[in-house]
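Report on the structure given below.
Naming convention: chains lettered A, B, ... in sequence-line order (proteins, then strands); numbering from 1 in each chain. Bear in mind the structure is a predicted one, so any value in this text is a computation, not a measurement.
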Amino acid sequence: MTDLRRLLSQALSSALDAACPDHPVAAPTVGPCQDPRFGDYQSNAAILAAAALKRPPRELAEAVVGALKAESLCAKVEVAGPGFINFHLLPFRIAALLSEMADDPCCGIPPAEKPKRIVVDFSSPNTAKAMHVGHIRSTFLGDALARIARAVGHEVITDNHLGDWGTQFGMLIHGYRRFLDREAEKKDPVTEFERLYRLVSAQAEAEASTREAARRELAALHAGDPENLRIWKEIADLSFTEFEKTYRRLGVRFDHHLGESFYNPQLPGVVEELCRLGIAEESEGAVCIFFRNDPALKDVAPMIVRKKDGAFLYATTDLATVRHRVREWKAEEMLYVTDARQQLHFKQVFSAAARWAAAPGNTLLPSLDARPPALRHIVFGTILGADKKPIKTRTGNPIKLTDLLDEAESRALGMIEERNPELTPSARPAAARAIGIGAVKYADLSQNRNLDYVFDWKKLLALQGNTAPYLIYAYVRIRSIFRQDGAAEAATEALETTSVLSHETELALAKKLIQFGDAVHSVLDDCRPHLLANYLYDLATRFSRFYEACPVLKAPEPERAARLFLCGLTARTLRRGLDLLGIETIEEM
RNA sequence: GCGCCCGUAGCUCAGCUGGAUAGAGCACCGGUUUUCUAAACCGGUGGUCGGGUGUUCGAGUCACCCCGGGCGCGCCA
């Protein structure tokens, strides 16, 4: 679909060349105006060029506008303020863009100029433990980023790096052998594993014999004891089955779930290679990587890749994981969606991986001319309770994700029954699910990810404000129009009539619609899905204003057809946008 | 002590990476329905953008210094 900003930028670039050939502005940026009174799009390129050339900015801007050839796009181009160039689009061009967008299977999202193969690493729950609020942000952010990266044409591989090989298995296996309740395991395996772990860990604290027993079970597991391996696998499989239920409920999908255990056999080789290449060295009995030449890391503790007892750590696993993704998957970029507390760890891993990739004779890169991967830590803050402390249950435990989702759905169901008793009972569960789970996801995704946020049921389920229910309600209102007699067929033949858009709320809505592609792309600049959420909220707000001001079905032709067209395109954009955030829409609520 | 993140309306948050008169929702006050879901929409009240210095045509945004809060810093993940 036509990239409006690029066309304006190119026109502006030519005009700049003509007006002052020695200007230094390589690619003039054109963006939407903040205030609609100024116009539709604007650029500060003339001000920047004038500053560099020490010329009066307004004068230069006037010259640029004089040389500008944009009659096919703009009704008016004018200079304002200190030298801004403001573009006023031709209404029929807006209509033409809307028609293009409606015909575009990609909903007007332009493809990325340079498609990449990107691994998104997110969620990563621990075996034998229930998923809890701590997994929410990683799961939602990672899934949304993967969906958005795919939508613009990147090749995305999602990978769930499960915590399935920690020291906790010593205690778990000991507990399994001594205290397992088969019935409980059958009914709710993860809860039973959690019980075993708590039981043994309490005993271990009190008595040395339990500590010793757990240590022996762990050593046996590592040595390949068949029975311990079988127990380990049973625990891992049953846990994974539980995770899958939650992911299905959330609509989250992984291409791979290569946990820590997958990399375990590679770890001795990785450490050996790092030592051989001079990247790692022994220190106080452990094998460490020091960062003496890295100004940001030289003063902090080294990264340990092998403990003095010979065990490996998650730093080791993470390095092995980088290698696997580069060699086997040809990954060019990796996004690690984990919380902010792991920043130092990832800085170290990334720094070590860069040295590894640069070392002659390394096995990280598949070939000599292969480029090292871009590794990015997608940081996010903590979810807080009303007391501004990390959210917990009353007893101080993390809130289980399934409990949270159950509560979201039941609250949403209550809302629906109260506000719209006429909704047929059979449609209620699906609506409650979409609204409840969508609200929890949206609360997370609509906020700047690197901030902590306060979890508040009342706010996230509110029908007013920047919430999923508000967006879904806007969608539902549109769909309701199309269920009326005679609406459906009219919408398909509206394309030529879109030039009748004249009401200010129609134009405001139309101008927002054509920015959808920009909004989607802006997310990937810095992996911030809330930019798309902000866009959708603004779009829904503009739709609501239009809906109040302009009757659709009762309008005379050709307005009626044009408005139906706008409604149809708005619905499609809202649905696609919410889908990119991993949020379902429904037809009625 | 060192490092990272943060501080915007009474509360919860945006602010398009340096643009024009800083915006939403909640709360408070008032208005809108013979019309497609009023679960909505419109208007009003509310600001020393933590403080200071600097950079420049222009700073909530960038730099430096303070103040305040959160998190992290050798054998956990």
How long is the line joining CG of A:Leu532 and P of B:G15, in whole Å?
13 Å
Please compare A:Leu313 and A:Ile85 by the position of their nearest nucleotide in RNA chain B and report the one closer to 5'.
A:Ile85
Does the ring center of A:Phe350 lie less than 6.0 Å from the ring center of A:Tyr336?
yes
Just N and O in the side chain of A:Arg545: are any of them under 4.0 Å from OP1 or OP2 of B:C42?
yes
For B:G47, the Watson-Crick or wobble counterpart (both distances under 3.5 Å):
none
Residue matched to B:U53 through Watson-Crick or wobble contacts both under 3.5 angstrom
B:A63
Should A:Gln464 be listed as having a side-chain N or O under 4.0 Å from OP1 or OP2 of B:C26?
yes
Think A:Lys388 has a side-chain N or O under 4.0 angstrom from the OP1 or OP2 of B:U12?
yes
Report yes if at least one side-chain N or O of A:Arg477 is closer than 4.0 Å to OP1 or OP2 of B:A38; otherwise report no.
yes
Using only modelled atom types and a 3.5 angstrom limit, is any donor from either the side chain of A:Asn44 or the base of B:G19 paired with an acceptor on the other?
yes
Mind checking A:Val454 for me? I need base, sugar-phosphate or nothing, with any heavy atom below 4.0 Å counting as a touch.
sugar-phosphate
Measure from CG on A:Leu460 to C1' on B:C13 and round the result to the nearest Å.
14 Å
Specify the separation, in whole Å, of atom CD of A:Glu260 and atom C1' of B:A77.
7 Å
Counterpart residues, salt bridge (charged side-chain N to carboxylate O under 4.0 Å, His left out), relative to A:Glu504 (two or more places apart)
none
Which part of the nucleic acid, if any, lies within contact of A:Glu418, taking any heavy atom under 4.0 Å across all strands shown: a base, the sugar-phosphate backbone alone, or nothing?
nothing
So, is A:Tyr470 near the phosphate of B:A24, with a side-chain N or O under 4.0 Å from OP1 or OP2?
no
Determine the sole option in A:Leu162, A:Leu267, A:Asp318, A:Thr317 for which the side chain to side chain contact (heavy atoms under 4.5 Å, CB included) test with A:Glu260 is passed.
A:Thr317
Base, sugar-phosphate or nothing for A:Ala286? Non-hydrogen atoms, less than 4.0 Å.
base
Searching all strands shown, indicate the nucleotide that pairs with B:G3 (Watson-Crick or G-U wobble; both distances under 3.5 Å).
B:C71
It should be established whether A:His530 places a side-chain nitrogen or oxygen under 4.0 Å from OP1 or OP2 of nucleotide B:G15.
yes
Mapping A:Gln34 and A:Glu284 to their closest nucleotides on RNA chain B, which lands nearer the 5' end?
A:Gln34
Assign the ring pair A:Phe243 / A:Phe240 to parallel, tilted or perpendicular, where the plane angle (0 to 90°) is split at 30° and 60°.
perpendicular
Whole Å only: how far is the CG atom of A:Leu4 from the P atom of B:C16?
21 Å
Could you tell me whether the side chain of A:Arg483 and the main chain of A:Glu587 form a donor-acceptor pair under 3.5 Å?
yes
